[in-house]
K.L.:
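First the structure, which I've put down as structure tokens, then a few questions once you've had a look.
These numbers were taken from a predicted model, which means no experiment stands behind them.
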Amino acid sequence: SKLRLFAAKLDESGEMKEIDVAPAKEGEKEKPPLSQDDEAAVEAVARIKDSSGGRSTLLGSWARLMFLTGETYLTVTIHPDTEEEVWECLSSDELRKSPGGGYVRYSAPSVVSEELRDVPDDKFEPLEGKDEKKKTAVVYRLWRRHPRYSLLADAPMRACLSLFEELQLLQLAVRARARSRLSGAGILAVPTEIIFANLPTGSEQDPKKSPIMDMLQRAATTAIQNPGSASAVVPIVIQGPAAHLKELRWIPIGNAQEKYEEQGLRVELLNRIAVGLDFPKEQLLGFGDANHWTGFLVDDQTWGAHLQPMANLLVEDLTGVYMQPYLKAQGVEDFAEYAIGYDAAEVVNNPDRNKDAQALHEDGQLADATWRDVAGFTEA
């Protein structure tokens with residue numbers, strides 16, 4: 001979500017170079033105006049934005065769906081109030097193909113579905129149709145190709161589905177144990193000699209009608225029904241023969257301090273999941289004993305081994321399904337030389353290099369502007 005996207009073009013050396021749209025700084029020469037093709041490329045990238053005007057939500061949704069399911073539908077619609085384009089990444093559950101053509105959107109299981117009409121292939125912007133009940137949408141399917149069938153989607157989560165199912169079973173087992181211990185608060189053993197000794201004269205010998213049992217039941221339930229009642233803290237008074245009162249005792253079931261055997265299994269299973277996911281184990285389980293500098297090292301490894309391939313996939317998909325066809329439709333002859341690039345400066349954490357920059361600046365090997373940028377200051 002922190003990537004900065006920009007329009008780029010192949011230079012003479014065959015490398016993609018960002019099209020510079022920043023205004024000239026004070027003291028610099030005025031930059032030459034952009035060509036029409038460059039302006040079209042910059043405009044194409046500027047169209048990709050959230051409803052709020054940024055891109056963080058859109059890129060974050062893309063990455064989340066690619067990690068979980070391996071596919072998403074990049075959808076472009078017109079906001080009914082602002083009449084501006086809205087770019088969204090939707091899951092295959094939310095946006096589905098309609099048998100009669102177009103798409104059906106389910107924003108939530110309990111919400112009425114919304115019908116979206118698909119625009120022709122040569123159109124790259126939503127159209128204002130005559131039927132106001134049906135909005136039009138431009139939809140691009142983006143997916144990570146499955147190694148066996150290219151039209152199927154693949155995701156890191158697929159390799160761990162059985163492990164997550166096992167984890168869910170362990171969670172349910174722990175919950176069942178906890179509920180069983182909460183509901184089974186032990187056994188209160190009351191001698192029958194005390195119960196029958198307190199029965200009214202001439203009544204049947206029925207323990208359910210015993211005053212002792214009624215009193216114990218009321219005392220046990222009053223604290224639940226009315227926690228503020230005094231009877232919740234006042235001790236229960238029972239009279240009876242001393243020999244039999246010694247046998248009145250509470251028998252606990254289980255040990256509250258005993259650990260669930262599923263706890264160790266869950267820890268072991270989480271480690272297996274951390275190894276199976278396409279993500280650093282330290283990021284998922286926490287750095288543990290990692291210090292400040294090893295934390296930066298893990299971040300660099302995360303970017304190079306896991307996040308950078310995802311970023312490359314993002315810009316390659318956007319370039320292939322949207323930008324180059326869009327520029328071709330705009331009449332750009334060398335549309336294949338344009339692409340969408342990214343800047344990961346806000347993503348990758350690097351150690352503080354201010355001291356190194358200061359030493360180089362004192363030796364005259366670093367320009368003032370570069371030293372200021374490393375220190376994080378603006379020209380002001």
K.L.:
Between Val119 and Val138, which heavy-atom pair has the shortest distance, and what is it?
P.N.:
CG2-CG2, 3.5 Å
K.L.:
Stepwise, does the side chain to side chain contact (heavy atoms under 4.5 Å, CB included) test hold for Val139 with Tyr103?
P.N.:
CA-CA 9 Å; Val139 180; Tyr103 297 88; 3.6 Å; yes
K.L.:
Under the salt bridge (charged side-chain N to carboxylate O under 4.0 Å, His left out) test, which residues partner Arg158, sequence neighbours left out?
P.N.:
none
K.L.:
Is there a side-chain contact between Cys89 and Leu58 (heavy atoms, below 4.5 Å)?
P.N.:
yes
K.L.:
Sequence neighbours left out, what passes salt bridge (charged side-chain N to carboxylate O under 4.0 Å, His left out) with Glu43? Give chain and number order.
P.N.:
none
K.L.:
Ala44 and Leu327: which non-hydrogen atoms are nearest, and at how many Å?
P.N.:
CB-CD2, 4.5 Å
K.L.:
Run the side chain to side chain donor-acceptor pair (under 3.5 Å) check on Ser35 and Asp37 step by step: do they pass?
P.N.:
CA-CA 5 Å; Ser35 63; Asp37 294 348; 5.4 Å; no
K.L.:
Any idea which heavy atoms bring Val315 and Leu5 closest together, and the distance?
P.N.:
CG1-CD2, 4.1 Å
K.L.:
Please give me the minimum heavy-atom distance between Pro126 and Val76, naming the atom from each residue.
P.N.:
CG-O, 3.3 Å
K.L.:
Would you confirm whether Asp50, through its side chain, and Thr57, through its main-chain N or O, come within 3.5 Å as a donor-acceptor pair?
P.N.:
yes
K.L.:
Answer with yes or no after comparing the ring centroid distance for Trp87 and Tyr322 against a 6.0 Å cut-off, counting only values under it.
P.N.:
yes
K.L.:
Using 4.0 Å as the upper bound for N to carboxylate O, is an ion pair formed by Arg105 and Glu88?
P.N.:
yes
K.L.:
Please list all pairs passing the salt bridge (Lys or Arg N to Asp or Glu O under 4.0 Å) test where one or both residues lie in residues 63-72, with sequence neighbours left out.
P.N.:
Glu71-Arg141
K.L.:
Run the numbers on Ser113 and Tyr106 for side chain to side chain contact (heavy atoms under 4.5 Å, CB included), then give the verdict.
P.N.:
CA-CA 5 Å; Ser113 61; Tyr106 300 88; 3.5 Å; yes
K.L.:
Should the pair Arg47 and Tyr326 be classed as cation-pi, given the thresholds of under 6.0 Å to the six-membered ring centre and 45° from the axis?
P.N.:
yes
K.L.:
Closest heavy-atom contact between Phe124 and Ala329?
P.N.:
CE1-CB, 3.5 Å
K.L.:
For Asp373, which residues count as a salt bridge (charged side-chain N to carboxylate O under 4.0 Å, His left out) partner, sequence neighbours excluded?
P.N.:
none
K.L.:
Scan for side chain to side chain donor-acceptor pair (under 3.5 Å) pairs involving residues 305-320, sequence neighbours excluded, and state none if there are none.
P.N.:
Asp278-His306, Asn312-Tyr342
K.L.:
May I ask whether Val86 and Ile48 are part of the same hydrophobic cluster, defined by side-chain heavy atoms of I, L, V, M, F, W, Y residues being less than 4.5 angstrom apart, directly or through others?
P.N.:
no
K.L.:
Answer yes or no: are there more than 12 heavy-atom neighbours, outside Gln168 itself, under 6.0 Å from its atom CD?
P.N.:
no
K.L.:
Determine whether the side chains of Asp11 and Ser13 contain a donor N or O and an acceptor N or O closer than 3.5 Å.
P.N.:
yes
K.L.:
Using the rule given for side chain to side chain contact (heavy atoms under 4.5 Å, CB included), can you reason through Glu94 versus Ser107, listing the C-alpha separation, both sets of side-chain angles and the distance that settles it, and then say yes or no?
P.N.:
CA-CA 6 Å; Glu94 181 169 353; Ser107 299; 4.1 Å; yes
K.L.:
Between Asp334 and Lys9, does at least one N-O distance fall below 4.0 Å, as a salt bridge requires?
P.N.:
yes
K.L.:
Could you check whether any side-chain heavy atom of Tyr338 comes within less than 4.5 Å of a side-chain heavy atom of Gln324, counting everything from C-beta outward?
P.N.:
no
K.L.:
Run the salt bridge (charged side-chain N to carboxylate O under 4.0 Å, His left out) test against Asp356 and tell me which residues pass, sequence neighbours left out.
P.N.:
none
